[in-house]
Amino acid sequence: EESMGADECLVFVGDPADYASGHRYQALMHRPAVCGGPSLKALPHEHRISTPFFLYPRADAVLAPQGLPKLVFEDLNGNVNQCRDNFPWKKE
């Protein structure tokens with residue numbers, strides 16, 4: 001975020017988009033920083049806007065990326081049988 005320009009936008013995807021894209025779009029841990037905090041060193045006139053927006057498919061939507069087992073969105077979202085914890089890239 002520190003290197004972003006004023007006209008740029010940062011988008012985080014969650015586990016459903018990560019899984020559906022076969023890890024092409026990787027879910028990252030979102031750790032919001034407070035403007036002016038020690039990590040941002042923001043000037044008093046700078047502003048940061050954070051707007052969460054969750055785009056979910058129907059609960060019964062089937063995510064079926066090539067090379068990975070099919071998962072129903074509701075199971076993925078609820079981490080049924082720890083399915084999120086077993087993503088191959090989470091073991092890296």
Side-chain angles (χ1 to χ4, degrees):
E1 288 182 53
E2 292 176 352
S3 63
M4 289 177 57
D7 61 342
E8 294 178 311
C9 175
L10 180 63
V11 177
F12 287 92
V13 301
D15 283 336
D18 190 330
Y19 191 80
S21 72
H23 199 50
R24 181 175 181 169
Y25 301 104
Q26 300 175 15
L28 301 174
M29 178 61 70
H30 179 222
R31 296 185 180 115
V34 177
C35 283
S39 66
L40 286 183
K41 299 179 181 70
L43 299 174
H45 64 276
E46 291 182 341
H47 299 280
R48 178 183 188 275
I49 298 172
S50 178
T51 306
F53 176 77
F54 299 95
L55 178 64
Y56 287 152
R58 290 188 338 239
D60 62 347
V62 177
L63 305 177
Q66 188 173 14
L68 293 171
K70 293 179 182 180
L71 280 177
V72 175
F73 172 73
E74 189 171 49
D75 292 348
L76 174 65
N77 198 39
N79 200 24
V80 172
N81 298 321
Q82 290 75 43
C83 61
R84 281 185 184 161
D85 303 332
N86 293 318
F87 288 175
W89 51 88
K90 294 227 178 180
K91 295 176 182 179
E92 296 173 356

S.K.: Check the pair Tyr25, Val11 against side chain to side chain contact (heavy atoms under 4.5 Å, CB included), reporting the backbone distance first and the verdict last.
M.R.: CA-CA 11 Å; Tyr25 301 104; Val11 177; over 6 Å; no
S.K.: For Phe54, check side-chain contact (heavy atoms from CB on, under 4.5 Å) against everything at least two apart and list the hits.
M.R.: Pro52, Tyr56
S.K.: Among pairs that include at least one residue of residues 62-75, which meet salt bridge (Lys or Arg N to Asp or Glu O under 4.0 Å), considering only residues two or more places apart or in two chains?
M.R.: none
S.K.: Kindly list each side-chain donor-acceptor pair under 3.5 angstrom involving residues 59-67, sequence neighbours excluded, with atom names and distances?
M.R.:
unit_1	atom_1	unit_2	atom_2	d
Asp60	OD1	Arg58	NE	2.9
Asp60	OD1	Arg58	NH2	3.3

S.K.: With the 4.5 Å side-chain cut-off for hydrophobic clustering, are Leu55 and Tyr19 part of the same group?
M.R.: no
S.K.: Applying the 4.5 Å side-chain criterion to the ILVMFWY set and letting contacts propagate, would Leu71 and Leu68 be lumped into a single cluster?
M.R.: yes
S.K.: So which atom in Arg84 and which in Leu76 form the shortest heavy-atom distance, rounded to 0.1 Å?
M.R.: NE-O, 3.1 Å
S.K.: Any chance you could measure Asn79, atom CG, to Asp85, atom CG, to the nearest 0.5 Å?
M.R.: 4.5 Å
S.K.: How close do Ala27 and Asp15 get, counting heavy atoms only, and between which atoms?
M.R.: CB-OD1, 3.6 Å
S.K.: Should we say atom CG of Asn81 is surrounded by more than 12 heavy atoms from elsewhere, each under 6.0 Å from it?
M.R.: no
